[in-house]
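Down below is the structure, laid out as structure tokens.
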Amino acid sequence: MAIQKKHGKGRLDKWYKLAKEKGYRARAAFKLIQLNKKYGFLEKSKVLLDLCAAPGSWCQVAAEAMPANSLIVGVDLSPIKPIPKVITFQSDITTEKCRATIRQHLKTWKADTVLHDGAPNVGTAWVQDSFNQAELALQSMKLATEFLVEGGTFVTKVFRSKEYNKLLWVFNQLFTKVESTKPPSSRNVSAEIFVVCRGFKAPKHLDPRFLDPRAVFAELADQAPNNEAKVFKPEVKKRKRGGYEEGDYTQFKEIPASQFIETVDPIAILGSYNKLSFEQPRNGDVALAALDKMPETTEEIRICCADLKVLGRREFKLLLKWRLKAREAFGLPTKKTTKPAEPEEEVAEVESMDEELKIQEELQVLKDKDSAKKKRERRKENEKKQKEIVRMQLHMVAPMDIGMEQAGPAGPDSMFALKPIDKHGAVNKIAKGKMAILNEADARKDRDSGIGSSGETDDEEDEEEDRLERELDSMYDQYRERKAESDAKYRAKKARQEHDDEEWEGVSADEQQSSDDGELDEDSSDDSDDDDSGPSKPLLTDLDNQPGGSGGLSKRATNFFSQDIFKDIPGILEEPADKMDVDKDDSPKVTTTKEKQKAKNEKSKQAKVEASLESEDDEDGFEVVKQQHQDIEERWEDEDKRRPDGTLDIDIITAEAMTLAHQLATGQKTNYDVIDDGFNKHAFRDRDGLPDWFVDDESRHDKPQKPITKAAAAAIKEKLRALNARPIKKVREAKARKKFKAAQRLEKLKKKSDLLASEEGMTEKEKADSITKLLAKAAKKKPNKQPAKLVVAKGLNRGIKGRPKGVKGRYKIVDARMKKELRAQKRISKRK
Ligand SMILES: C[S@@+](CC[C@H](N)C(=O)[O-])C[C@H]1O[C@@H](n2cnc3c(N)ncnc32)[C@H](O)[C@@H]1O
């Protein structure tokens with residue numbers, strides 16, 4: 001096994017290297033740089049005191065950042081090599097001598113900033129180390145209180161330990177702003193943290209206890225243990241981080257069960273002991289023997305007594321009851337035996353807790369019941385809703401059927417009295433099954449007019465459901481956004497889907513809808529003048545496009561042809577009448593959804609045509625209808641093949657498409673077959689009003705599985721392989737750049753050689769030579785740069801300036817450690 005050298009806490013980190021590079025004496029320099037970046041105290045300081053400054057990197061940083069001619073004084077136990085613009089001396093900061101020397105150097109000035117990065121000789125026990133550190137920090141603060149100017153800044157290092165909070169408390173008394181921070185250059189493994197105290201209050205009189213480590217770090221008396229909590233809420237376990245209690249170093253505590261019976265504070269025993277023992281002591285215990293023989297001391301009680309730490313609330317109650325019975329038997333005072341006027345303290349205490357517990361339990365039970373009931377109701381509602389959606393999808397119910405069972409009699413005041421709704425223009429939407437797109441305003445209007453509300457609770461439920469649905473939708477949107485951000489494939493898929501959707505919607509649904517909308521809106525506007533007294537138009541007339549007038553024509557067309565000018569023209573109204581008969585005969589046959597949809601399409605197109613007829617005022621209107629009809633269909637087909645930008649969509653990327661293309665090309669299938677295939681059980685599934693997440697989920701499965709041929713699959717595979725074999729975009733770009741630059745160079749060469757060729761003062765040979773030279777120079781490859789040679793700055797090379805002897809080419813002077821470390825790094829990376 002390879003022996004691994006230990007490098008102190010990963011000394012080779014980037015801060016170490018950066019410090020080397022920048023010429024700082026220690027990586028600690030970056031801690032001060034980062035602290036100053038955050039709080040900006042150095043630039044504002046003219047006098048600075050650095051306590052524990054060796055080797056002096058903080059002084060270096062201060063000298064760089066502070067204004068020119070600032071006074072910087074650094075002190076440390078260890079000697080500090082001279083630093084330009086910095087006064088340094090060697091001393092122990094806890095001594096009076098150090099204080100006097102600082103005073104000498106500062107003269108009458110006060111420091112704007114006092115820094116302390118001291119670390120006592122660490123390496124002893126952690127508790128000792130952290131305490132020494134805290135003590136040193138307090139000592140440095142003592143010096144700071146003496147030398148700091150009012151409003152000045154004190155920066156100190158502390159370890160996160162028990163003393164940390166106490167120190168912080170003291171700092172808070174003396175400074176207006178105290179913040180703890182850990183700069184990024186401080187190692188995570190280190191417990192050090194830096195406290196930046198700003199706005200020194202400079203109190204005139206300072207209580208010496210603030211600066212006395214014994215007073216500041218004095219331990220507070222421990223709080224009495226909360227045994228009641230342990231017994232009545234044993235589930236809530238509190239971790240004991242302080243270790244053993246003073247003078248008590250045993251983990252397991254046992255007490256005779258008789259003492260539990262006799263005590264006036266049973267809770268204390270249950271909370272602090274591990275076992276109630278029935279074992280007889282050497283000199284014998286009569287009470288214990290009696291207790292052992294008591295019938296109340298059941299097997300369960302004995303088991304409970306064996307390990308008190310594992311008991312729950314029920315078991316503790318059991319033990320308390322058992323204690324009361326035993327006390328009764330022993331003739332000791334209990335609640336029953338004592339007079340109510342002067343109750344025994346301990347009994348009353350237990351009883352009161354019991355009662356409280358009982359109440360709490362009852363309350364909890366009630367709460368649980370209530371929330372369980374609510375949950376059940378909510379689940380039922382959701383299930384019901386889910387079922388209705390499924391039934392709708394299976395076309396077992398029309399959207400209008402939902403909630404029919406609550407409708408009651410369909411009288412004028414019933415929930416489904418549609419005339420008032422019609423007035424609000426909502427009938428069209430409802431009839432089309434577009435409840436989900438009824439906007440808030442419509443809904444509010446309906447509510448205001450009392451329509452559609454079957455009582456307050458229904459409204460509330462609806463609102464709750466709407467809210468849940470909205471939340472679900474927004475959560476789903478967020479999920480999609482997140483997925484789109486992180487997953488390029490998903491983005492591509494989504495874009496494809498949207499593209500597909502647009503095409504589909506644009507051709508069928510929208511067209512149909514717009515035609516429907518147009519017609520229905522017009523009708524509703526016609527109706528808006530209708531009075532309740534007048535003959536009201538039946539609700540679903542519009543949707544079914546039933547002839548409103550004579551002759552099987554729509555109401556508008558009939559109205560149009562019934563004008564006076566058409567009076568004398570025979571056959572106009574009679575002819576459509578026949579047609580209507582045909583329609584009427586046909587309509588009952590329309591039974592399946594597919595056929596219904598077809599019929600609907602036909603009707604909407606017919607409606608459009610009729611509208612155009614009206615404007616054209618043509619006698620041979622029905623011929624024109626046919627023409628238009630065909631036009632629409634042709635356009636429909638054309639649009640289907642095109643992308644939104646107008647380009648033909650002919651890229652075949654799936655095996656299904658390839659199979660279809662092959663079948664079309666070989667005549668196995670015709671255009672009509674393809675159109676026919678489009679009419680499948682999934683094509684006209686109503687997705688309106690369904691939440692996006694549901695539709696998305698369904699869309700993975702609600703399409704017919706088309707067979708593919710082996711040849712088509714192979715062709716697509718080949719296509720993909722060719723696509724994957726192409727170099728990635730960056731490589732292609734780099735190659736293209738190279739090519740472009742070569743072309744540019746060639747162009748330049750051409751120009752130069754042309755110039756040379758047209759030079760008059762040169763002979764032909766000279767011209768030819770110069771051109772050959774030019775070409776040779778252009779063809780010459782640039783030599784690769786040799787890496788710099790590392791030269792260790794020791795021995796002969798120590799302190800030399802300029803090129804070391806015997807070194808050719810590029811070189812770099814490094815210290816021995818850096819070279820060794822680089823080698824070690826290489827070795828380690830090779831081993832990996
Ligand atoms: C982490 S180093 C300080 C690094 C310094 N800030 C720098 O940037 O170079 C901690 C220093 O605290 C010094 N120190 C510890 N106890 C001290 C004391 N009582 N008086 C003075 N210096 C002390 C140590 O000698 C050590 O050099």
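Numbers for residues simply follow the sequence, beginning at 1. Note that ligands are numbered from 1 as they come in the structure, with each ligand's atoms numbered from 1 the same way.
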Of the choices [options], which has the non-hydrogen atom that lies closest to [atom]?
atom	options	answer
atom 21 (C) of ligand 1	Leu77, Thr94, Ile80	Leu77
atom 26 (C) of ligand 1	Asp76, Asp92, Leu115	Asp76
atom 5 (C) of ligand 1	Ala28, Ala54, Ala26	Ala54
atom 15 (C) of ligand 1	Gly74, Ser91, Ala62, Ala119	Ala119

Using a strict cut-off of 4.0 Å, indicate which atoms of ligand 1 neighbour a heavy atom of [X].
X	value
Leu136	16 (N), 19 (N)
Pro55	9 (O)
Ser78	25 (O)

Work out which heavy atom in Ala68 is nearest to a heavy atom in Lys46; give both atom names and the distance.
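Distance-wise, the nearest heavy atoms are O-NZ, 3.7 Å.
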Is the contact between Leu32 and ligand 1 made by the side chain, the backbone, both, or neither, using heavy atoms and a 4.0 Å cut-off?
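Contact part for Leu32 vs ligand 1: neither.
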Region of Cys98 engaging ligand 1 - heavy atom pairs below 4.0 Å
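The answer is neither; Cys98 stays 4.0 Å or more away.
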Any [X] side-chain heavy atom under 4.5 Å of [Y] side chain:
X	Y	value
Ile80	Cys59	no
Tyr24	Leu18	no
Phe194	Gln34	no
Phe210	Leu138	no

What I want to find out is whether Arg187 reaches Glu192 closely enough, with some N-O distance under 4.0 Å, to be called a salt bridge.
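Salt bridge flag = no for Glu192 with Arg187.
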Does the pair Arg99/Glu96 count as a salt bridge with the N-to-O cut at 4.0 Å?
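Salt bridge present between Arg99 and Glu96.
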Does Cys59 have a heavy atom less than 4.0 Å from any atom of ligand 1?
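Heavy atoms of Cys59 never come under 4.0 Å of ligand 1.
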Out of curiosity, is Ala29 lining ligand 1, as in a heavy atom under 4.0 Å away?
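Flag not set, Ala29 not near ligand 1.
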